[in-house]
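Numbered from 1 within each chain, the chains take letters A, B, ... in sequence-line order.
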Amino acid sequence: MAKMDKKWVILCTTAIGVIYSAGYLSTEEQAALQEPQHHINSNIQSVSSQVKSQYKNGTFDGAGSNRRGSIEVKVTINHDKITDVEISRFAMHYSKNDVVGLPQEVIQKQSAKVQNVSGATYSTQAFQDAIEAALTQARNV
Amino acid sequence: MVQIVKKSKLMMDTVIEIKVVTSRSPLDIEPVIEQAFNAFRKVEQACSRFTPESELMKACQQIRTPVPISSWLFQPLKFALEMAEWTQGIFDPTIGKTLEMYGFNQHYLTKEIASSLAVDDTSYRDVILNDHDRTMTLNRPLVIDLGAVAKGFAIDLAAQVLTSFQGFVINAGGDLYAGGLDETGHAWQIGIQHPEQANHIIDSIHVTNEAVCTSGSYVRRSKVREDIHHIINPISKQSPHELTSCSIVAPYAMMADVCSTVVCLYGLEQGKRMINDMELKGILITSNLHVERVGGI
């Protein structure tokens, strides 16, 4: 059974090695880097000359909020596809209802001290409003 | 001066945060971080079951025909199938159709609903990978879900990109890899999220050059069936409830990711045996919030 450990490690190293040594991550990223950089520099609304596209190409800001706070996103669109969603500002707080029974100071101390948390996946529901706001801006009228 | 540089993006239906500890200039750092994010982008484009345009969904259109697939899809799929075989199908990546039926089928950006013409009584034996010509052959129409491996794979690839920094953490919605040391020169402290109280931690550990992945029954729940969350036993089609949270510490995120899912499916006793067999470490939390540390952490 102890051999099993090695088997999984080998599978992982091989998997990573195949991608990395083939240079996929280093060559393709050249092109990928130029793009967002360019979009951020030119900032909002670089209008596409395409005729039928639903959205303009470029990077658009959107904000959304719920009872836990607010978030801001930068949505990059290329040929009607969302290619990148960067979270530019994240100011979410958990309401007292979520942490009922715990002294507020303890929670604050813990979250201030421990910045890396492993846990179940966040729901991205909270981001939908922000993304939609950005898409509204991006819409070709 | 040593500083922390952070960037977050929304990818793979989750928040991906990358932070690095470095004294290099921002102009130097940003392209490398962007390159690490690109690993997530590439894996998502290859492995997503939520969009018909992914390599996975396109490849699944053909039945009984060998379809050539790229390493971005081949490698995580191979890993998932090996684990399926080792667990005799308790873990099974062909669970996709069942997940669709329980309502786990909406794309997080486009809101597109995936609904495939597939059957749900499939097994990992219906997927054949050929190592020599890098092809996949499906015996029957089915939906492959790589949810338990793809994110881990992307984390591992991103970690490769960031190794030149003195320290870094890639946190993909609670599944993470911590490389090197933190800004104070110590091992990274990783909190384990409390299953019932958001923003509160139940335990914490210190790691360096290791992944910590957590599977929990407490966040993604079915909108169709109350007792179902996103981890489902392929044989009984039920969700396990003995453990509410399984965190696994492993040298690779792909290992930690898949093992946290398998341990969650196995339950406490068999889960502990698996962690020991694989010489890993874990923190298991039962539904009555009993915390059990396994493997000497």
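Judged by distance alone, with hydrogens and angles left aside, the side-chain atoms of B:Asn171 form a donor-acceptor pair with the main-chain N or O of A:Val117 at under 3.5 Å.
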Give the C-alpha distance, both sets of side-chain angles, the deciding distance and a yes or no for side-chain contact (heavy atoms from CB on, under 4.5 Å) between A:Val85 and B:Leu109.
-> CA-CA 9 Å; A:Val85 181; B:Leu109 290 177; 3.9 Å; yes

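Of the atoms belonging to B:Met11, it is side-chain heavy atoms, and not backbone ones, that fall under 4.5 Å from chain A. Contacts between B:Glu82 and chain A at a heavy-atom distance below 4.5 Å involve backbone atoms as well as side-chain atoms. If you measure heavy-atom distances from B:Ser71 to chain A, the contacts under 4.5 Å come from both the backbone and the side chain. Heavy-atom distances place the side chain of A:Ile131, and not its backbone, under 4.5 Å from chain B. Looking at B:Cys259, there are no atoms closer than 4.5 Å to chain A (heavy atoms on both sides), in backbone or side chain. Both the backbone and the side chain of B:Leu157 come within less than 4.5 Å of a heavy atom of chain A.
Residues A:Val9 and B:Met255 form a side-chain contact, since some pair of their non-hydrogen atoms from C-beta on lies under 4.5 Å apart. Side chains of A:Ile19 and B:Gln160 form no contact here, defined as non-hydrogen atoms less than 4.5 Å apart. Side chains of A:Ile82 and B:Thr110 form no contact here, defined as non-hydrogen atoms less than 4.5 Å apart.
Heavy atoms from other residues, nucleotides or ligands lying under 6.0 Å from CD of B:Gln88 number 12 at most. No more than 12 heavy atoms of other residues, nucleotides or ligands lie within 6.0 Å of NE2 in B:His186, so this atom counts as exposed by the packing criterion.
Closest approach of B:Phe79 and A:Leu11 over heavy atoms only: CD1-CB, 3.7 Å. The two residues B:Val169 and A:Asn116 come nearest to each other via the heavy atoms CG1-OD1, 3.7 Å. Pairing each heavy atom of A:Asp84 with each of B:Lys9, the nearest pair is OD2-NZ, 2.6 Å. When all heavy atoms of B:Ser8 and A:Glu86 are compared, the pair lying nearest together is O-CG, 3.4 Å. Taking every heavy atom of both residues into account, A:Ser118 and B:Gly174 meet most closely at OG-O, 2.8 Å. Shortest non-hydrogen contact noted between B:Gln75 and A:Ala15 is OE1-CA, 3.5 Å.
Residues passing the side chain to side chain contact (heavy atoms under 4.5 Å, CB included) test with B:Phe74 are B:Ile69, B:Lys78, B:Leu129, B:Asp131, B:Arg134, sequence neighbours excluded.
Here B:Tyr252 and A:Trp8 keep their ring centres 6.0 angstrom or further from each other.
For residues 12-22 of chain A, no pair satisfies salt bridge (Lys or Arg N to Asp or Glu O under 4.0 Å), with sequence neighbours left out.
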